[in-house]
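Worksheet for the structure shown next.
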Amino acid sequence: MKMKLAEIAKAINVKNDITAWQDVEVSSVAFDSRALDGGALFVPLSGQQDGHEFVASAFEHGAAASLWASDHEIINQNQPLLVVDDPLTALQELGRYYLHKINPIVVAVTGSNGKTTTKDMIASILSTQMNVTKTFENFNNHIGVPVTLLNMESNTEAVVVEMGMDHFGELDDLSQLVTPDFAVITMIGEAHIEFFGSRDKIADAKMEIVNGLKEDGTLIFNGDEPLLTERAEKIEQESIDFGRQLNNNLYATSVTTTAYSLEFVVNEWPEVTFQVPMIGEYNVTNALAALSVGKLLRVPVKQMKAALSSPDITRNRTEWINGRAGEKILSDVYNSNPTAVKEVLNAFSQAETNGKRIVVLGDMLELGENSNEFHRELASSFDTSKFDEVFLLGHHMKALYDALEDSYHEHVHYFEADDKSSMTAELISLVTKDDLVAIKASHGLHLETVLDGLTR
Ligand SMILES: CC(=O)N[C@H]1[C@@H](OP(=O)(O)OP(=O)(O)OC[C@H]2O[C@@H](n3ccc(=O)[nH]c3=O)[C@H](O)[C@@H]2O)O[C@H](CO)[C@@H](O)[C@@H]1O[C@H](C)C(=O)N[C@@H](C)C(=O)N[C@H](CCC(=O)N[C@@H](CCC[C@@H](N)C(=O)O)C(=O)O)C(=O)O
Ligand SMILES: Nc1ncnc2c1ncn2[C@@H]1O[C@H](COP(=O)(O)OP(=O)(O)OP(=O)(O)O)[C@@H](O)[C@H]1O
Ligand SMILES: C[C@@H](N)C(=O)N[C@H](C)C(=O)O
């Protein structure tokens with residue numbers, strides 16, 4: 001973004017006189033003084049600490065201006081400060097203003113699983129013929145979405161916005177903020193079910209993404225999910241479905257999978273074979289969602305095929321990386337929930353190896369009162385013929401450990417959540433160059449530290 005403070009002051013109803021700084025130009029927004037580009041507009045947000053404590057540091061690191069909450073006493077009157085009631089609200093209002101100024105096509109993506117991957121695939125497809133801005137990594141909430149909007153360059157033609165939620169009302173707010181032309185729902189799983197109680201309620205919350213959908217907009221949804229099909233039939237806007245069942249608008253045929261790639265044909269283009277360099281048959285479904293958007297925006301199929309053959313995918317989403325001992329690690333440590341774990345284990349079990357298949361799982365969080373049952377149920381994905389060693393970390397994984405002990409004996413290893421170092425040490429002692437390791441846990445377990453131990 002490039003805007004002068006005079007324009008920003010009007011857009012977000014600034015309380016103070018900024019005439020002295022009206023021609024100061026900002027070229028980005030930032031909420032962390034430790035990670036900002038020169039010329040940024042700093043937005044002091046409240047977390048464990050008050051972001052206002054870091055405004056001076058932001059200026060030292062090159063910020064051109066900063067928002068400032070009106071209930072905070074101004075310490076330095078000589079700096080370009082824009083006084084507002086609430087910096088977060090001001091950030092969102094500025095995002096809305098800038099979105100309407102640039103006026104790109106807006107694609108919003110949500111779903112229990114597959115949001116980030118599908119967002120990346122859509123952006124790769126649209127980038128073959130448009131200037132595209134997409135959500136940075138997983139910046140998908142009430143802070144991340146306005147930051148995404150404000151990251152747009154002035155020539156942006158399409159913005160692909162990932163939208164996350166873990167409570168009712170959050171997608172409503174985000175959808176009303178971005179007013180999408182296309183709203184994509186990847187699937188309904190059990191992520192954050194602790195705050196909803198059922199998948200049915202999760203589906204209700206996910207459908208909030210339609211609340212801001214333009215009248216001539218389109219809902220693109222996973223037609224294999226009855227909870228979505230029954231809700232999509234009730235909306236006013238157009239809706240089209242995708243999925244593996246043959247009654248979908250777009251579906252895949254002749255799918256072949258390896259540990260490193262997927263190959264499939266889609267009903268709409270029987271003469272084309274798509275290749276995606278990723279593991280996990282669920283990524284065929286994500287690709288079908290992305291192809292649905294590309295088709296609606298008339299991207300030529302050859303361009304879509306090329307885009308999916310080398311998509312720009314965010315890290316730590318079922319990606320293969322090399323371990324220090326020569327092993328190959330399937331890293332999926334950003335987050336976890338039952339459907340995602342089952343999908344990854346299924347894919348991992350098909351990966352060829354002359355060595356051992358080692359599974360490392362950390363707790364799946366926010367699953368509510370049935371959490372232990374969700375963890376115990378993962379046992380159905382295990383078989384000593386598929387996986388040779390199992391490492392489990394965290395309080396809830398004890399339920400899975402108890403379920404596997406009789407079949408795995410000394411080949412199942414349990415560790416408390418605060419004992420990652422012991423698990424890492426035992427893993428390192430066990431792994432050899434021919435082995436494959438799959439590693440997955442909820443964000444809160446921070447298994448990336450175990451990954452570091454295996455790769456550094
Ligand atoms: C408010 C904020 O910025 N938080 C970030 C901060 O967390 P923390 O509370 O520790 O901040 P501090 O108290 O340390 O500092 C307060 C502020 O001061 C800034 N600051 C600090 C020190 C300093 O030297 N200079 C500074 O400027 C600091 O930046 C704070 O602004 O730091 C964490 C570590 O970097 C960040 O992770 C944290 O960011 C929060 C989580 C955030 O929301 N970031 C968004 C940009 C974002 O989109 N993050 C996504 C994850 C979003 C997510 O969890 N999505 C859910 C679904 C939606 C759930 C929704 N209900 C929700 O609440 O999010 C999902 O399941 O996907 C990401 O990071 O991937
Ligand atoms: N369509 C899908 N169906 C089921 N599981 C999926 C699907 N797509 C991805 N996954 C699983 O979810 C994990 C996270 O994928 P991705 O980051 O794309 O989803 P996300 O919705 O952004 O997740 P999060 O909300 O945790 O960031 C993958 O590594 C895989 O285990
Ligand atoms: C990323 C964040 N919203 C999230 O999903 N947290 C869960 C509980 C986790 O820690 O994995």
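Counting starts at 1 for both ligands and their atoms, in listed order.
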Test item, [X] contacting ligand 1 (heavy atom, 4.0 angstrom):
X    : answer
S46  : yes
V147 : no
M165 : yes
H443 : no
R34  : yes

Any idea which atoms of ligand 2 are less than 4.0 Å away from a heavy-atom of [X]?
X    : result
N138 : 22 (O), 27 (O)
S112 : 21 (O)
T318 : 29 (O)
T117 : 16 (P), 18 (O)
N335 : 26 (O)

Ligand 2 contacted by [X] (non-hydrogen, < 4.0 Å):
X    : answer
G189 : no
K440 : yes
E162 : yes

Inset, instruction - Would you kindly specify which portion of F54 sits under 4.0 Å from ligand 1, judged on non-hydrogen atoms: side chain, backbone, both or neither? - result: side chain
Inset, instruction - Between F136 and ligand 1, find which residue part has any heavy-atom pair under 4.0 Å and reply side chain, backbone, both or neither. - result: neither
So if I count the atoms of ligand 1 from 1 in the order they appear, which ones are less than 4.0 Å from some heavy atom of [X]?
X    : result
G164 : 57 (C), 58 (C)
G51  : 18 (O)
S33  : 23 (C), 24 (O), 25 (N), 26 (C), 27 (O)
Q48  : 9 (O), 10 (O), 12 (P), 13 (O)
D166 : 59 (C), 60 (C), 61 (N)
E170 : 60 (C), 61 (N)
F42  : 27 (O)
H192 : 66 (O)

Inset, instruction - For side chain to side chain contact (heavy atoms under 4.5 Å, CB included), just list the numbers for L445 and L365, CA-CA rounded to whole Å, side-chain angles, deciding distance to a tenth of an Å, and then say yes or no. - result: CA-CA 9 Å; L445 279 291; L365 301 181; 4.0 Å; yes
Would you please say whether a donor-acceptor pair under 3.5 Å links the side chains of [X] and [Y]?
X    : Y    : answer
K386 : Q350 : no
N138 : T116 : yes
T318 : Y282 : yes
H413 : E389 : yes
T133 : T156 : yes
E190 : S112 : no
K206 : T110 : yes

Mind checking whether [X] and [Y] have side chains closer than 4.5 Å, heavy atoms only?
X    : Y    : value
L5   : L82  : yes
L291 : F242 : no
T455 : I321 : yes
L177 : H142 : no

Nearest neighbour of [atom] from the list [options], on a heavy-atom basis:
atom                    : options               : result
atom 64 (O) of ligand 1 : N141, T314, L45, L365 : N141
atom 16 (P) of ligand 2 : E343, R317, K342      : R317
atom 50 (C) of ligand 1 : D32, V55, N138        : N138
atom 1 (N) of ligand 2  : T135, N286, T285      : N286

Does [X] reach ligand 2 with a nitrogen or oxygen that is under 3.5 Å from one of the ligand's nitrogen or oxygen atoms?
X    : answer
T118 : no
N140 : no
K115 : yes
V344 : no

Can we say [X] and [Y] salt-bridge, meaning some charged N sits less than 4.0 Å from an Asp/Glu carboxylate O?
X    : Y    : value
E373 : R376 : yes
D120 : R317 : no
E225 : R199 : yes

Inset, instruction - Would you check if the distance from the ring center of F59 to the ring center of F42 is below 6.0 Å? - result: no
Legend entry - Contact partition for T116 relative to ligand 2, non-hydrogen atoms under 4.0 Å: both
Legend entry - Which segment of A191 sits under 4.0 Å of ligand 2 when only heavy atoms are counted: neither
Taking [Y]'s backbone N and O only, do any of them form a donor-acceptor pair with [X]'s side chain (distance below 3.5 Å, no angle check)?
X    : Y    : answer
N222 : G243 : no
H443 : Y334 : yes
T424 : K420 : yes

Legend entry - Closest non-hydrogen atom pair between M278 and L262, with its separation: O-CG, 3.3 Å
Inset, instruction - Give yes if a backbone or side-chain nitrogen or oxygen of D50 is under 3.5 Å from a nitrogen or oxygen of ligand 1, and no if not. - result: no
Inset, instruction - Report yes if some N/O of H142 lies less than 3.5 Å from some N/O of ligand 1; otherwise report no. - result: no
